[in-house]
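By convention here, the first residue in the shown sequence is residue 1.
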Amino acid sequence: MSCLTAFRTSLIAAVIALAPQAAAQDPIEVRDLGALDPLEVSAGGETAVNDLWRGSTADSLRAVLSFLPDAEGNGYASGAHAALAAQILSAGARPPEGGRGDTELAWLRADRLLAAAGPRRAFALLQRTPGLERNERLAHIHAETGFALGETAAACRTAESLVDGRDRPYWLRARAFCLALNGQAAAAELSAELAAAIDPYPYFDQLLFALTLGQNSAELPALRSGLMLALARTLAEDEPEVDMDSPSWLRELDRDAPVTPASITVPAAALAEARESEGARRAALLEAVIRQTRDPGAGAIALGVLLGDAAADGRLPEAARRHGRAVADIPVSFETLNYGYRYAFAALLAGDVAAARRWREGLVSGPPRPVFTPDENDFDKPDGDGPAALSPPPMSDASDRPEWSPPPPRDMVRLDLAIAIAADRAGDAPVGALVAARLESLGEAALGEAAALAALGAPVPAELRALLLETPPSPGSPALAAMEVAAYAGANGEAALLAAAALSEEAESPLSLMRAAAALDRAGLRRRALAMLLERLAAETM
């Protein structure tokens, strides 16, 4: 045997001998590559985060999701907290350990997303989720949000294709409604009768029979579900009102609905009408004036008015996400600077720090002065053929312009701090002076943001510690301790959800804000912690 052959034989023998040991040390996980797990599906537009549930188990994630506000409750205390939860719940990710195929986890995630982000995001998630026909609870959320949003065809497809639980009263009534819409009156009434035999619901029967008979309903009963709302829409001229005992996502359906612009011909006239109007008509007119391009000046003023309305209703972040990028194209003038403070915060909430800084400078310096550009006709001409006299006509006196008054220092401090937060410059030295000014001006009301900024590395005055010692003791939510443990363990998804839950469960205390900011930073979600503080400052805009 040659030396080379002997070497090969020895090498093969060594590999065979080491194979069982290697397998024992590094086992290979083998799983069936079937359909996507519901947790791996995103709501659309989100990037998959495969390690989102790293460090989590099915049981730990189930406990965390169960702690969050549910779709039947009153939702979140703050839009910033809801946005934090929605960001995590919308993303598709590899299920946690032991969580693949866990139908309860899939349902809890969809239900909590409905509470945090509203029906459109939950409906979009379930539109992409496979296997709804065999998961009744997921199918129920899909059908309810579909009916409520006017996505009746999709909701009816789910009701028809359902396999598990299809003979329950809700599904019998859902199919009865869908049959009636398709002109199958007899089949619809039979399905409704089968449901009534199990669980009587006279209000549904009243509306369904009105639909099959082609009648209008003069009086609508209490509407407490998406199915009943969809049925009532077929019988009423105006959008029916839901009952106050219905789930919060259904009561706030109009907040989730996009505004349909009105039809206008003269933007300035439409803007004037909008200012005299209220409610949906005012919103539709403002939206139309903003979107038109014939009169940019009217569009700019309409945006300022709309941002003011949104701030008064506590919805400035939503309006900013929709229109904040347009702020960069608005010229600084005396008229637009009247809305400059709102423009600046809208730009910050939309992520445009440069535009916010431009408006900040405009607010301090005032409108730009007119610039004189000489023209040959602007000079006095002497008699005869001699050279023109180099004497331009006198410019208008500065006193002709209205006097500009910058916002009060307190407002400018708030804006400067917001700009630093949006630019992730919380650690810069000037932030310490801004925090000190806020503490001096607002006292206890500014303690939470100051403590949270300290957790994110901001220089804060030593007086903060003394002020914190004077605050009443706060026991805090149990979610805060669980949040910190999750962050230390690297379970970043759980840490973020627990931060949202803890801050919504109680009135924000300085301690809870500081601990939440620190946990989010540790979990790699510093931008979300900064966004939470930015929205707090934006809430003071009005």
I'd like to know whether [atom1] of [X] has more than 12 heavy-atom contacts from other residues, nucleotides or ligands below 6.0 angstrom.
X	atom1	answer
E444	CD	no
D428	CG	yes
E239	CD	yes
R233	CZ	yes
Y201	OH	yes

(Q) Is there a side chain to side chain donor-acceptor pair (under 3.5 Å) between R121 and S90? Walk through the geometry before answering. (A) CA-CA 8 Å; R121 192 84 67 89; S90 294; 2.7 Å; yes

I'd like to know if the side chain of [X] and the backbone of [Y] have a donor-acceptor N/O pair within less than 3.5 Å.
X	Y	result
D111	A71	yes
S365	G362	no
R315	A310	no
R358	A328	yes
R128	A43	yes
Q292	D295	yes

Do [X] and [Y] come within less than 4.5 Å of each other through their side chains, counting heavy atoms only?
X	Y	result
L533	L417	no
N74	P69	no
L537	R438	yes
L503	S512	yes
P408	D411	yes
T152	C156	yes
E144	S225	yes
R294	V289	no

Please determine whether a side-chain nitrogen of the Lys or Arg among [X] and [Y] lies less than 4.0 Å from a carboxylate oxygen of the Asp or Glu.
X	Y	value
E540	R410	no
E318	R322	no
E273	R281	yes
R251	E241	no

Once rounded to the nearest 0.5 Å, what's the spacing between atom [atom1] of [X] and atom [atom2] of [Y]?
X	Y	atom1	atom2	answer
L307	L286	CG	CG	10.0 Å
L285	L271	CG	CG	9.0 Å
L513	L480	CG	CG	9.5 Å
L530	D424	CG	CG	5.0 Å
D245	E72	CG	CD	11.5 Å
L113	L126	CG	CG	8.0 Å

If every non-hydrogen atom of [X] is compared with every non-hydrogen atom of [Y], which pair is closest and at what distance?
X	Y	value
R526	L456	NH2-O, 3.0 Å
L207	L235	O-CD1, 3.5 Å
A347	A356	CB-N, 3.9 Å
T129	L125	OG1-O, 2.8 Å
L138	A110	CD2-CB, 3.7 Å
G432	P461	O-CD, 4.0 Å

Q: Please assess R357 against E361 for the test salt bridge (Lys or Arg N to Asp or Glu O under 4.0 Å), listing each intermediate value before the final yes or no.
A: CA-CA 6 Å; R357 286 188 173 126; E361 293 306 313; over 6 Å; no

Q.
Which label fits Y170 and H140: parallel for a plane angle under 30°, tilted from 30 to 60°, or perpendicular past 60°?
A.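 The rings of Y170 and H140 sit tilted, inter-plane angle from 30° to 60°.
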
Q. Step by step, would you call R414 with Y341 a side chain to side chain donor-acceptor pair (under 3.5 Å)?
A. CA-CA 10 Å; R414 182 190 309 138; Y341 197 71; 3.0 Å; yes

Q.
Set out, in order, the CA-CA distance, both residues' side-chain angles and the distance that settles side chain to side chain donor-acceptor pair (under 3.5 Å) for H142 and E151, then state yes or no.
A. CA-CA 10 Å; H142 181 253; E151 300 285 352; over 6 Å; no

Q: Tell me whether the centres of the aromatic rings in F177 and F204 are closer together than 6.0 Å.
A: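 Between F204 and F177, which both carry aromatic rings, the centre distance is not below 6.0 Å.
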
